[in-house]
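For reference, the structure discussed in these notes is given below.
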Amino acid sequence: HAVADLSFSSDGAYLISGGEEAVLVVWQLSDEHSKRFLPRLGAPVKWISSGPHDQLMAVSHEDNAIRLVSGLSVELANVVGGLYKSFAGGSPSNRVPTGLVVAGDHRKQTLLLNGLPGHLQVYDAFLDRHLDDIDVVGANYVSRTEEKAILFTSVEHAASSTDGQWQ
C-alpha cells in the first residue's frame with residue numbers, strides 16, 4: 001500500500017508516515033521495532049505536518065478533512081472539515097449519487113449528501129460547516145487487498161422528513 005507523505009518530528013527522533021491505508025504510523029528512529037499506529041482515520045492520508053514542539057500534527061486526507069492528532073498520545077484530537085469529498089468508487093461524474101437533499105426548515109439550508117463510502121453527511125450551507133456524519137453501512141475503510149481494489153457500498157437514495165429528522 002502506497003505511502004503518500006513522510007514527516008520528521010522537530011527533534012528528528014520520529015518519522016511519521018501515512019497513505020493509502022488511512023493509518024498514521026509514528027516510527028521511533030532509535031528503535032527499529034518501536035512504532036505507534038493510529039488506524040481507522042476514515043480516508044487515505046495525503047499530507048502530514050507537525051506543529052511547534054510536535055504537540056499537534058495536522059493530517060490532510062482525501063475526503064477534504066484535516067484531522068488533528070496529538071503528538072504525545074497519537075490520538076485523534078479534532079476533525080476540521082467542510083464538505084466531505086467522495087474519494088472511492090464510481091466515475092468522477094457519479095460521485096454524488098444521492099444528489100442534494102434540502103432537509104428540514106428551508107431557512108436552515110441543511111443539505112444531506114454523500115461523503116465517505118457508505119456514509120451520508122449533513123452540511124449547513126448557511127453556516128458553511130459540516131454538522132454530522134451518518135454511518136449507514138457500519139463498515140471500516142479498507143484500501144485494498146494485495147492488488148485488488150475493494151468495492152465500497154454506496155448510498156444511492158436518501159430522504160429526510162419535513163422536520164429535518166434523519167432517522
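Heavy atoms only: backbone and side chains are in, while hydrogens, waters and symmetry mates are out. In this text, all values refer to a predicted model and were calculated from it rather than measured experimentally.
- In this structure, the side chain of Glu20 engages the main chain of Ala2 through a donor-acceptor pair within 3.5 Å.
- The nearest pair of heavy atoms linking Ala22 to Gly42 is CB-N, 4.2 Å.
- Side-chain N or O atoms of Asp5 include one that pairs as donor or acceptor with a backbone N or O of Ile48 at under 3.5 Å.
- Counting only heavy atoms from C-beta outward, the side chains of Val79 and Ile66 never approach each other to under 4.5 Å.
- Residues forming a side-chain contact (heavy atoms from CB on, under 4.5 Å) with His61 (at least two apart in sequence, or on another chain): Leu41, Ala43, Val45, Val59, Asp63, Arg67.
- With sequence neighbours left out, the side chain to side chain donor-acceptor pair (under 3.5 Å) criterion links Gln55 to no other residue.
- Under the side-chain contact (heavy atoms from CB on, under 4.5 Å) criterion, Ser10 pairs with Asp54, sequence neighbours left out.
- Clustering of Ile, Leu, Val, Met, Phe, Trp and Tyr by side-chain heavy atoms under 4.5 Å joins Phe37 with Val3, Leu6, Phe8, Leu15, Val23, Val25, Trp27, Leu29.
- Shown here are the side-chain contact (heavy atoms from CB on, under 4.5 Å) partners of Arg36, two or more places apart in sequence or in another chain: Val26, Val74.
- At a threshold of 4.5 Å between non-hydrogen side-chain atoms, the residues Asp135 and Val137 count as touching.
- Contact of the Val69 side chain with the Leu56 side chain is not registered, since no non-hydrogen atoms from C-beta on lie closer than 4.5 Å.
- Partners of Ser60 according to the side chain to side chain donor-acceptor pair (under 3.5 Å) rule, which considers only residues two or more places apart in sequence or in another chain, do not exist here.
- Taking Asp31 as the reference, nothing meets the side chain to side chain donor-acceptor pair (under 3.5 Å) condition, with sequence neighbours excluded.
- Residues meeting the side chain to side chain donor-acceptor pair (under 3.5 Å) test with Ser49, sequence neighbours left out: none.
- The side-chain contact (heavy atoms from CB on, under 4.5 Å) search around Asn78 returns Leu68, not counting sequence neighbours.
- Contact check for Ile16 versus Met57: side-chain heavy atoms found under the 4.5 Å cut-off.
- Annotation: the span from Asp133 atom CG to Gln121 atom CD amounts to 7.0 Å, rounded to 0.5 Å.
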